[in-house]
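Take a look at the structure set out below.
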Amino acid sequence: MQKCPACKHENNPDSEKCCQCGSILKEKLDMRYEGANRRSQQCNRTIIDKVWRFFASVRNGMYILLLTLLATAIGTILPQRAYIPIGKLPKEFYESEYGMFGSLYHDLGFDQLYSSWWYMTLLGLLGASILVASIDRFFPLYRALKRQPVKRKQHFLKQLVYVRNKDITNPERLLKQLKERHYRIQQDGTDYLAEKNRFARWGPYVNHIGLLLVLLGAFLRLFPYFYQDEFVWIRDGETAIVPNTDQSLFIKNEKFRVDTYDDKDPKFEAAIEQEGRLIPKSFTTDVIIYEAEDHIAGETPELNELKKLQVSVNHPVKAAGYTIYQSGYQLNEFTSLTFRAENREGETADFLVSTENPQADYTLDNGLHAKLVDYYPDYQLDGNNIITATKYPRNPAFVFDITEDDKTERLFLAIDEVVPETGTDRFSVRTVDYDTHNVTGLSVKRDLTLPVFLLGGLIFMIGLIQGLYWQHRRVWLQKQEDGSYMIAGHTNKHASSFERELDRIFDSYDKGESS
């Protein structure tokens, strides 16, 4: 007899619940890992054992997962640097758009969170936790399931989910019904083991393989060979090298074109008037893709033409393993400005200043000397300070020291503005001409990690379906001394449906029917 821990009532030794108060008398056997001894459950002997035990802990794995999810969520609060407007300086963009919070977000490196070392460290710890926890459980479980004995001890069978005693006069008929329900039968003398859907036990481990592949795809994005997302500005007629391609890929901009909506069309007239400018409908670039032969860095490479293509918005093209997108443009970008300087005798001389690579010194025909002090490609005023909004020459300004004999005057020169910093106004300098060109903005991408992500996702879904829609079910039939059979069954989930299935089988057997 066994005594109820709640009401102290004496119950039958085989009873699972107290017949008086209904309390559970004994807990069912934990069969998650078949009672196999895992390494993480052994005594800690070395530092390796302690590290293994840490990563094998599901609780520690959940902590790492929550930290990773929290970090991932932080990265979605503001747009990542890759998605800010093209040409904007990150620091100024976040500060101007989001104030002090945006500035702090940038300073802490959250604008490049998904490629930061600490985020990758979290992913590495998560991957290590998944891998170690899987290995710690997989091999003991595999050995235990592979060597399942047909004969089991009585105290083991009594702790399973389904336990019955039944007189079975025709075991063959009962086994036939079990086979019809896809059970696989093993026999040892007069004892039997019926089993089906063992593969369902491996669902979580298949999930883990999928997750590890997804994490591997994230790590591979750190290497340029597997993942590149570059942006290049290319002026009309210019050939530019694509960054991070080992100086092997070049793109030439043969011609850039912009089509705008008709401002005379009534459908667009209001929108254009509200915008205050013509609205682009599409923009297209005719490009030539070149591949460079092996060459020493710094030398002019020999270019081999691969393809002539036309890139337009929403119509990317592919070449040399890369996908090229039309991502932006700049009309009438300055290439050079011509300034006219007049000395104290009224003599004038012109000098041309390149916006791409301005010279440091200019000696003029009228005896003046101009020395470049500072250059702002896209200048604007920030209070009393002069800053450059971008590194592109969209609104260029220069600071020059103009010298004649021993007299020097510092001037701030822009397209329509000349300011003498010294306040002496000795020399007259003004802009008399300028040259412009159009610039196309192309995104050049290569992503060899997508198949890894897709394969990882597919394997994860297979494991999910495998673990959710099937259950590992086993039924032991063990003959007792009185000739009856102890029937003990176990399933890893959905115990109630398992019990109903066995009840139907035994009811059908009692009625002498075939299932």
Q | Which atom of L222 lies closest to which atom of S115, heavy atoms considered | A | CD2-O, 4.4 Å
Q) More than 12 heavy atoms of other residues, nucleotides or ligands under 6.0 Å from CZ of F199: is that the case? A) yes
Q) Counting only heavy atoms not in I48, do more than 12 sit closer than 6.0 Å to its CD1 atom? A) no
Q: Could you verify whether a donor N or O on one side chain and an acceptor N or O on the other, from N165 and Q480, lie under 3.5 Å apart?
A: no
Q.
Can you classify the ring geometry of Y114 versus Y119 as parallel (below 30°), tilted (30 to 60°) or perpendicular (above 60°)?
A. perpendicular
Q.
Any carboxylate oxygen within less than 4.0 angstrom of a Lys/Arg side-chain nitrogen, looking at D136 and R53?
A. no
**Q.** Rounded distance [0.5 Å steps], CD in Q478 versus OG1 in T190
**A.** 8.5 Å
Q: Check for a donor-acceptor pair, side chain of E305 on one end and backbone N or O of E291 on the other, with a separation under 3.5 Å.
A: no
Q) Which pair of heavy atoms, one from Q247 and one from I241, lies closest together, and at what distance? A) CA-CD1, 3.2 Å
(Q) Taking D378's backbone N and O only, do any of them form a donor-acceptor pair with T388's side chain (distance below 3.5 Å, no angle check)? (A) yes
**Q.** Full working for side-chain contact (heavy atoms from CB on, under 4.5 Å) between K252 and I234
**A.** CA-CA 7 Å; K252 181 179 181 180; I234 312 177; over 6 Å; no
Q: Nearest 0.5 Å please: distance from the OG1 atom of T68 over to the CG atom of L125.
A: 8.0 Å
Q | Identified side chain to side chain donor-acceptor pair (under 3.5 Å) counterpart of H472 within the set R198, H490, K493, E195 | A | E195
Q: Show your working on side-chain contact (heavy atoms from CB on, under 4.5 Å) between R137 and V58 and close with a plain yes or no.
A: CA-CA 11 Å; R137 292 159 173 79; V58 174; 3.5 Å; yes
Q) Is R221 positioned over the aromatic face of Y227, cation under 6.0 angstrom from the ring centre and no more than 45 degrees off axis? A) yes
Q: Please indicate whether K166 has more than 12 foreign heavy atoms, meaning atoms of other residues, nucleotides or ligands, lying under 6.0 Å from its NZ.
A: yes
**Q.** Set of residues satisfying salt bridge (charged side-chain N to carboxylate O under 4.0 Å, His left out) with respect to K196, sequence neighbours excluded
**A.** E501
Q.
Can you tell me if W117 has over 12 outside heavy atoms packed within less than 6.0 Å of its CH2?
A. no
Q | Non-hydrogen atoms of W233 and G328 that approach each other most closely | A | CZ3-C, 4.2 Å
Q. Shortest non-hydrogen contact from S57 to S129?
A. O-OG, 4.4 Å
Q.
I need the L213 CG to T449 OG1 distance, nearest 0.5 Å.
A. 12.0 Å
Q: Determine the minimum heavy-atom distance between I185 and L178, stating which atoms define it.
A: CD1-CB, 4.2 Å
Q: Could you tell me whether the side chain of I487 reaches within less than 4.5 Å of the side chain of F506, counting heavy atoms only?
A: yes
**Q.** Distance, nearest 0.5 Å, that separates CG of L464 from CG of N207
**A.** 5.5 Å
Q. What is the distance from atom OH of Y192 to atom NZ of K479, rounded to the nearest 0.5 Å?
A. 8.0 Å
Q: Check whether any side-chain heavy atom of Y509 sits under 4.5 Å from a side-chain heavy atom of N170, and report yes or no.
A: yes
Q. Going by atom types only, do Y162 and D503 share a side-chain donor-acceptor pair under 3.5 Å?
A. yes
Q.
Could you report the tightest heavy-atom contact between S327 and S443, atom names first, then the distance?
A. OG-OG, 2.7 Å
Q) Less than 6.0 Å separating the ring centroids of Y105 and Y98? A) no
(Q) With a 3.5 Å distance limit and no angle check, can you tell me whether S116 reaches the backbone of L113 through a side-chain donor-acceptor pair? (A) yes
Q: Kindly indicate whether the side chain of V313, heavy atoms from C-beta on, has any atom under 4.5 Å from the side chain of F283.
A: yes
**Q.** Salt-bridge contact R152-D191 (side-chain N to carboxylate O under 4.0 Å)
**A.** no
Q: Check whether any side-chain heavy atom of F498 lies under 4.5 Å from a side-chain heavy atom of Q471, and answer yes or no.
A: no
**Q.** Under 3.5 Å donor-acceptor, Q228 side chain and N244 backbone
**A.** yes
Q: Would you verify whether the NZ or CZ of R446 falls within 45 degrees of the ring axis of Y225 while also being under 6.0 Å from that six-membered ring's centre?
A: yes
Q) How about L193 and R474: do any of their side-chain heavy atoms sit closer than 4.5 Å? A) yes
Q) Taking atom NZ of K91 as the centre, does the number of heavy atoms from other residues, nucleotides or ligands within less than 6.0 Å exceed 12? A) yes
Q.
Run the side-chain contact (heavy atoms from CB on, under 4.5 Å) test on Y322 and I289 for me, step by step, so that the C-alpha distance in whole Å, both residues' side-chain angles and the decisive distance to 0.1 Å come before the verdict.
A. CA-CA 11 Å; Y322 293 86; I289 311 300; over 6 Å; no
Q.
Using a 6.0 Å cut-off, check whether atom NZ of K318 has over 12 heavy atoms from anything other than its own residue.
A. no
**Q.** Sidechain-backbone polar pair: H106 side chain, L104 backbone, donor-acceptor under 3.5 Å
**A.** no
Q | Side chains of Q187 and V150 in contact at under 4.5 Å (non-hydrogen atoms) | A | no
Q) Going by heavy atoms in the side chains, are R181 and R504 under 4.5 Å from each other? A) yes
Q: Look up atom CG in L220 and atom CG in L450, then write down how far apart they are to the nearest 0.5 Å.
A: 11.5 Å
Q: For the pair I135 and V132, evaluate side-chain contact (heavy atoms from CB on, under 4.5 Å) and give the outcome as yes or no after the intermediate values.
A: CA-CA 5 Å; I135 294 174; V132 172; 5.9 Å; no
Q) Just wondering, do V214 and F460 contact through their side chains at under 4.5 Å, heavy atoms? A) no
Q) With a distance cut-off below 6.0 Å to the six-membered ring centre and an angular limit of 45° from the axis, does K445 pair with Y325 as a cation-pi contact? A) yes
Q: Quick one: which residue pairs count as a ring pair (Phe, Tyr, Trp, His ring centres under 6.0 Å) with a foot in residues 120-147, not counting sequence neighbours?
A: F138-W202, F138-Y205
**Q.** Option among T285, D236, T239 that satisfies the side chain to side chain donor-acceptor pair (under 3.5 Å) test with N253
**A.** D236
Q. Between T440 and Q326, do the side chains contain an N or O donor and an N or O acceptor separated by less than 3.5 Å?
A. yes
Q.
Donor-acceptor check, side chain of W476 to backbone of P149, threshold 3.5 angstrom: yes or no?
A. yes
Q: Indicate yes or no for a side-chain donor-acceptor contact from Q177 to the backbone of R173 under 3.5 Å, with no hydrogens or angles considered.
A: no
